[in-house]
Amino acid sequence: MGAGTRRAGGLTFRAAVYRLVRRVPRGAVVTYGQVASMLGAPRSARAVGGAMRRCPDDVPWHRVVNAAGKISRRRHMGSMLTQRIRLEQEGVPLRRGRVRLDRCRWEG
DNA sequence: GACTTGACTAGAC
DNA sequence: AGTCTAGCCAAGT
């Protein structure tokens, strides 16, 4: 399937996304578009979301939010709640359901 | 290999 | 502040 899609690095885009997100430290967050840009594909933010949709358990997916600092909508509402709880447990301040990207963004 | 899907985003009202 | 739209592109069928 499309899983065979490869890039120069020899990794699927998804694998590259997981590898990068695993480096995001506790208490920090990144945006989908930011991850895409850091991987050299600034217009693949949506693909990053697609990768996060099915990710290994060792990937801190809760540290990825959208460009507005909000938790993106998805099929299973439960994971949205889990994401908010995990972020709060890590000390990420949420103001009116939003993360302050100017304070918590991980620049890599 | 074509068609669809979506945890996106920037811009326009 | 919010809502809508078009463009985006990897992954899934």
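Numbers restart at 1 for each chain; the letters A, B, ... are given by sequence-line order, proteins then strands.
Annotation: side-chain hydrogen bond (donor to acceptor under 3.5 Å, both in side chains) contacts involving residues 56-68 of chain A, sequence neighbours excluded, comprise A:R22-A:D58, A:H62-A:E90, A:R63-A:E90, A:N66-A:S72.
The shortest distance between side-chain heavy atoms of A:T31 and A:R105 falls below 4.5 Å. In this structure the side chain of A:Q34 never reaches within 4.5 angstrom of the side chain of A:V48, judged on heavy atoms.
Taking atom OH of A:Y32 as the reference point, atom P of B:dA10 lies 14 Å away to the nearest angstrom. As rounded to whole Å, 12 Å separates atom C1' of B:dT4 from atom CZ of A:R53. Between the CD atom of A:Q34 and the P atom of B:dC8 there is a distance of 15 Å, rounded to whole Å. The interatomic distance linking A:H76 (NE2) with B:dG6 (P) rounds to 11 Å, in whole Å. One can place CE of A:M52 at 23 Å from P of B:dT5, the figure rounded to the nearest angstrom. As rounded to whole Å, 14 Å separates atom C1' of C:dA10 from atom CG of A:L11. In this entry the distance linking CZ of A:R75 with C1' of B:dG6 reads 9 Å, nearest Å. The distance between atom CZ of A:F13 and atom C1' of B:dC8, rounded to the nearest whole Å, is 11 Å.
Considering only side-chain atoms of A:T12, the nucleotide from C:dA11, B:dC8, B:dA10 that sits closest is C:dA11. With B:dA7, C:dG2, B:dC8 as the choices, the nucleotide that has an atom nearest any side-chain atom of A:W61 turns out to be B:dA7.
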(request) Check the pair A:K70, A:V65 against side-chain contact (heavy atoms from CB on, under 4.5 Å), reporting the backbone distance first and the verdict last. (result) CA-CA 6 Å; A:K70 293 183 183 174; A:V65 298; over 6 Å; no
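Among the heavy atoms of the strands lying under 4.0 Å from A:R98 are primed sugar atoms or P, OP1, OP2 only; no base atom is included. A:G50 comes within 4.0 angstrom of nothing in the nucleic acid, heavy atoms only.
For A:Q89 (side chain) and A:R86 (main-chain N/O), no donor-acceptor pair under 3.5 Å exists by modelled atom type. Looking at A:Y18, its side chain does come within 3.5 Å of a backbone N or O of A:A51 through a donor-acceptor pair. In this structure a side-chain-to-backbone donor-acceptor pair under 3.5 Å is missing from A:S44 to A:A47.
Across all strands shown, the partner of C:dT3 is B:dA12, judged by Watson-Crick or G-U wobble contacts whose two distances both fall under 3.5 Å.
A:R14 has a side-chain polar atom (N or O) that falls below the 4.0 Å cut-off from OP1 or OP2 of C:dG12.
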Could you list the protein-to-nucleotides 7-9 of chain C atom pairs, N/O on both sides, closer than 3.5 Å?
from, atom 1, to, atom 2, distance (Å)
C:dG7, O6, A:R46, NH1, 2.8

